[in-house]
Structures are given as C-alpha cells and as structure tokens.
Amino acid sequence: MSHGISRRTLLGAALSGGIITPLLAGCGALVPASSGSNALTVHTQISGAVAGAQVFSDVVAAYQRSTARKVALLKNGSDLPIVFETSTLAGKEADVAIVNMMGRTLSWTRLGATVPVNDYLDDWGLRDLIIPEALAEWTDDEGRLRAFPFTRTNWPVSFNTGLLEEAGVGAIPTTSDELIAAADALRSKGIGPVTVGGSDWSGQKMFLQIIQGFITQDEARTVFSTGKISESPGAIAGVEHFVELRDAGVFVDNVQGYTSDSELTQFNTRKAAIVPAMSSALALVPNERAAEVTVGGWPKPSSGGVLEHPSVIKSFNGHGIWISENGLGKLDLIKPFVQNLYTPEVTDEFILGSGRDMSRITDTVSQDFPLVAQGSRLTDDDVTPVMLPDLLIPDAVFEPMIQATALAYGSAPADRIIDAFEKSYQAV
C-alpha cells in the first residue's frame, strides 16, 4: 500500500467511521474545470461576500498575468472543509487550500489530509515575514506547522458614542457596572444596548468571552477543551455573570433570535449602540456610521474577575495556506504563488483594499476602514487579550454548543445553561 493510499484510508476512517463511499458522491465536480498538470489548483474560502474576496481575485489575476502561470480557483464558504475532505478521499483535492484553522481543519495535518509546512517556511524565505505568535498558534502539539498563517482575527467591541451621548452616557463603559448603567440609559431613550447574534456563532463567542472574565487562560484551555464548567468555580461565576448582565437588560430585546448579519444591520442603522464584531465585519461598517464609533474591549467584571482591562478576543486562526498531498507534486508552482502572497505589495492590498488583519509583519494600517485601524491600534495597556476558543472546542461540539448559548440568551438560569453546555460535549 502506498503512502498516499494509507493517508487517505486513515482520513476516511477518521471522518466517516470507515464508511467512505457516501462521501464520494459527485466528486468529479470537486476540482476546477481549468485545472491540469501545469496549473496550480487553489481551493479558497476568501470568496463571495467575505472581506478581501475581490482583493484575492485581483491578486491571483495579476499573478497569472505577470508570471504566465495558470491558477485554477475553486471557491467555497463555510462548507469548504467538508468539500475539501470529500475530494481528498477521492484523491482529487486541490493543491492548496486557503481556509480557517478551526473545527475539522485542526486535524487535517495529523490525519494526512494536508502536509506540514515547517521545511518550506525557511526554504521559501517566509519565517522572518510572519508574526512569530502566528507561527506558534498554527503549530500543533507534535511541532507540525499546519499551514502558513495568512489572515488573523481581531474581535474588539464597537461603541456608537453618538448614541451614548444622546442617552447621556459620557464615556464608553469599561466595567460591567458601567455597562449596566449605560444599558439603562440607552433603553430610556429607546435605543438598543448590546446587539449580538444570540442564535449563532457570534453569540457563542460573546458568551465564551464573558466567561473568560473569571478564569485564567490555563483554566480556559481546560474548560473549553473538556466542556466541564461545573468543575471550575471561575467558569461558574462567569456564567452567573452572563445571566446577571442579560437579566439587567444589557442585550437588545429578543437577542436570542439574532444572527451575525442582523447584529451588524442593527448597529449600522443606529438601532443598537454596542456590537462585538471581528475586524473583517467592521470593514463593512459604512463611513458615516464609523465616524461616530469608538473601538475598545468588552467591559471587565466590576468585582471578582481576573482581567486588568476590558477584553478583546485575539487570534491568528484566520485563513491559512495549506498544502495538500496532491500539492506535493506541484511545489514548483506553489512556492512562487505563496511567496507572492507574502510580498509587501499584496499585504498592503489586503489591508488597504479590504480592511483585513494580516499575519505578515507590516506597519501598514487601514486608511479606508477606520474601525479596523482603531482595533489594530489597541494595545495591552488598553485591553486584555483573551483566547478564541475555536482552537480547543471539538468540531462536533460547535452546533450543540450554539444551541446551548442560544438558550443562555433567552431566560434560562445559570444551572440550566451549564447543564446544556456540558451536554453539548457529551455527544463527542
């Protein structure tokens, strides 16, 4: 049995319990029609309405014109991981995948769906171009660099100071007591306080961020990898604090029915004054609204917490550039393509043209996306970084956990929320 077949057998067994055939239905359409032995095939998540999609298309087009090398693109959104895995089982995967590191993709390199890129980091002259913390985050416990870190995640909180002033709130809240007082003032003027997607992943992130106000980063790793909130007094206090904020009216009415799209719509139309949103979403806030917005962190607990400053989720697990097993046969095509993506010119195009935060070392700051620029300027003297739990939560837990956090945004008491949260892990 060849090394390639054993890789795919291992991957198939891990992904489908040994039942591979159903996943292969329709595999003939999983590679771009324009692909071939002389073309580089790239399966990308930077497409559609995603921030940076047009910039990426333009960069690839310019690369093809300047080098006369052919690049065939296959585009998917959130379903890219399963499409890539299916094509891998059939031996038809793209040479390169550009996708987030979370859930399913965390195990790709271990299972052989993609190859470690440690050796190429130095051979291709990329090590000194990439933020060291990004390389550390993309390296697994066995020392394998899963992929080249490309985009990164900054998840601050935006405050419409115009609305706060209309409600008589003189400064953005930095503690939970100040947040509750601001919410009361906003409601008295008919303005929604904090908007968030209580029914989807954005509300889940907010819930997990609030818990981190009461636990250390080491404790957070244990809680988010095991789901055992009930064994952590700090995590229990975090859930109780969330309930306190919810019952105090901090979140907009019916928040459990909102999504990441509707939260941004509420904020952009001045129906809510505060929104926690990642920088790629802040790039979509119109300039008229951005002009009255200040970016900061989530207010720290007024008592009993562990944070020195308001918190901001920071992570480098945005899009990475992964090399597949098929890509091993096209390293001569992949090397110049990847090197081009890390040139200062391309980095500037993403930052200036789409407001993306990048993992490449750069001094360039977004000019046309002021909220993204504000977020990038936040320092540890302003905010306390907390982790993005996606790197620890098992993939099968994500959807059940979102149901649990949606329950939290309703009217459930803390003990029921904790029970639902822990049960979401029990199915794994």
Side-chain angles (χ1 to χ4, degrees), residues 48-50 77-79 102-103 155-160 163-164 167 173 176 179-180 182-211 227 229 238-278 280-282 284-286 289 293 298-299 313 388-390 393 396-425 427:
V50 171
S78 60
D79 59 344
M102 61 173 289
W155 208 308
V157 179
S158 294
F159 300 86
N160 187 316
L163 291 177
L164 290 175
S176 57
L179 177 62
I180 291 171
D184 287 342
L186 288 164
R187 285 183 173 277
S188 70
K189 296 293 184 180
I191 302 169
V194 179
T195 180
V196 68
S199 68
D200 69 6
W201 53 268
S202 60
Q204 175 207 53
K205 301 298 182 293
M206 180 81 274
F207 176 81
L208 300 178
Q209 182 175 353
I210 290 173
I211 289 178
I229 290 181
V239 176
E240 292 172 343
H241 181 63
F242 175 91
V243 171
E244 176 190 7
L245 295 176
R246 181 200 68 195
D247 292 349
V250 161
F251 302 109
V252 296
D253 294 341
N254 303 313
V255 67
Q256 67 270 28
Y258 281 96
T259 66
S260 58
D261 289 334
S262 52
E263 73 170 16
L264 201 59
T265 298
Q266 262 205 322
F267 186 74
N268 286 345
T269 56
R270 298 184 101 236
K271 290 183 172 62
I274 304 169
V275 65
M278 68 175 72
S280 57
L282 297 183
L284 304 176
V285 175
R289 192 64 52 243
V293 171
W298 181 257
I313 294 176
L388 181 69
D390 295 11
I393 300 171
V397 172
F398 271 90
E399 286 304 318
M401 184 192 290
I402 287 174
Q403 296 175 19
T405 54
L407 182 74
Y409 283 100
S411 57
D415 58 350
R416 187 180 171 199
I417 296 168
I418 292 171
D419 182 63
F421 186 94
E422 293 186 336
K423 283 181 177 177
S424 69
Y425 280 76

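The two atoms that bring Leu186 and Gly192 nearest to each other are CD1-O, 4.4 Å, heavy atoms only. Taking all atoms of both residues into account, the shortest heavy-atom contact from Pro276 to Thr195 is CD-O, 3.3 Å. Closest of all the heavy-atom pairs between Thr269 and Thr265 is OG1-O, 2.7 Å. The heavy-atom pair separating Gly227 from Glu422 by the smallest distance is O-CG, 3.0 Å. Taking every heavy atom of both residues into account, Leu284 and Asn268 meet most closely at O-ND2, 4.0 Å. In this structure, Phe251 and Val196 approach most closely via the heavy-atom pair CD2-CG1, 4.3 Å.
At a threshold of 4.5 Å between non-hydrogen side-chain atoms, the residues Ser280 and Val50 do not count as touching. Residues His241 and Ser176 have side chains in contact (heavy-atom distance under 4.5 Å, counting atoms from C-beta outward). Contact annotation: the side chain of Val252 approaches that of Pro193 to within less than 4.5 Å [non-hydrogen atoms, C-beta and beyond]. Asp390 has its side chain within reach of Phe398: a pair of non-hydrogen atoms, C-beta onward, lies under 4.5 Å apart. For the pair Met401/Leu208, a side-chain contact is recorded, criterion being any heavy-atom separation below 4.5 Å from C-beta on. Side-chain contact check for Leu163 versus Phe267: every heavy-atom pair is 4.5 Å or farther apart. Using a 4.5 Å heavy-atom threshold, the side chains of Tyr425 and Ile393 count as touching. Inter-residue side-chain proximity for Val194 and Leu245 is flagged as unmet; no heavy-atom pair is nearer than 4.5 Å.
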Val293 and Leu282: CA distance, side-chain angles, deciding distance, side-chain contact (heavy atoms from CB on, under 4.5 Å) verdict: CA-CA 11 Å; Val293 171; Leu282 297 183; over 6 Å; no

Residue pair Tyr409, Phe242: steps toward the ring pair (Phe, Tyr, Trp, His ring centres under 6.0 Å) verdict: CA-CA 9 Å; Tyr409 283 100; Phe242 175 91; 5.0 Å; yes

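Atom CD1 of Ile274 sits about 5.5 Å away from atom CG of Leu164, to the nearest 0.5 Å. Remark: Glu240 CD to Ile211 CD1 distance equals 11.0 Å, nearest 0.5 Å. In this structure, the separation between CD1 on Ile210 and OG1 on Thr405 is 11.0 Å, given to the nearest 0.5 Å. Here OH of Tyr258 is found 9.5 Å from CD of Gln256. Values are rounded to the nearest 0.5 Å.
Between the side chain of Gln266 and the backbone N or O of Lys271 there is no donor-acceptor pair closer than 3.5 Å. Arg246 places a side-chain N or O within 3.5 Å of a backbone atom of Ala412 that can act as its donor or acceptor partner.
By the neighbour-count criterion of 12 heavy atoms within 6.0 Å, atom CZ of Arg289 is densely surrounded, having more than that number from other residues, nucleotides or ligands.
Residues meeting the side chain to side chain contact (heavy atoms under 4.5 Å, CB included) test with Thr259, sequence neighbours left out: Ser199, Asp200, Asp261, Ser262.
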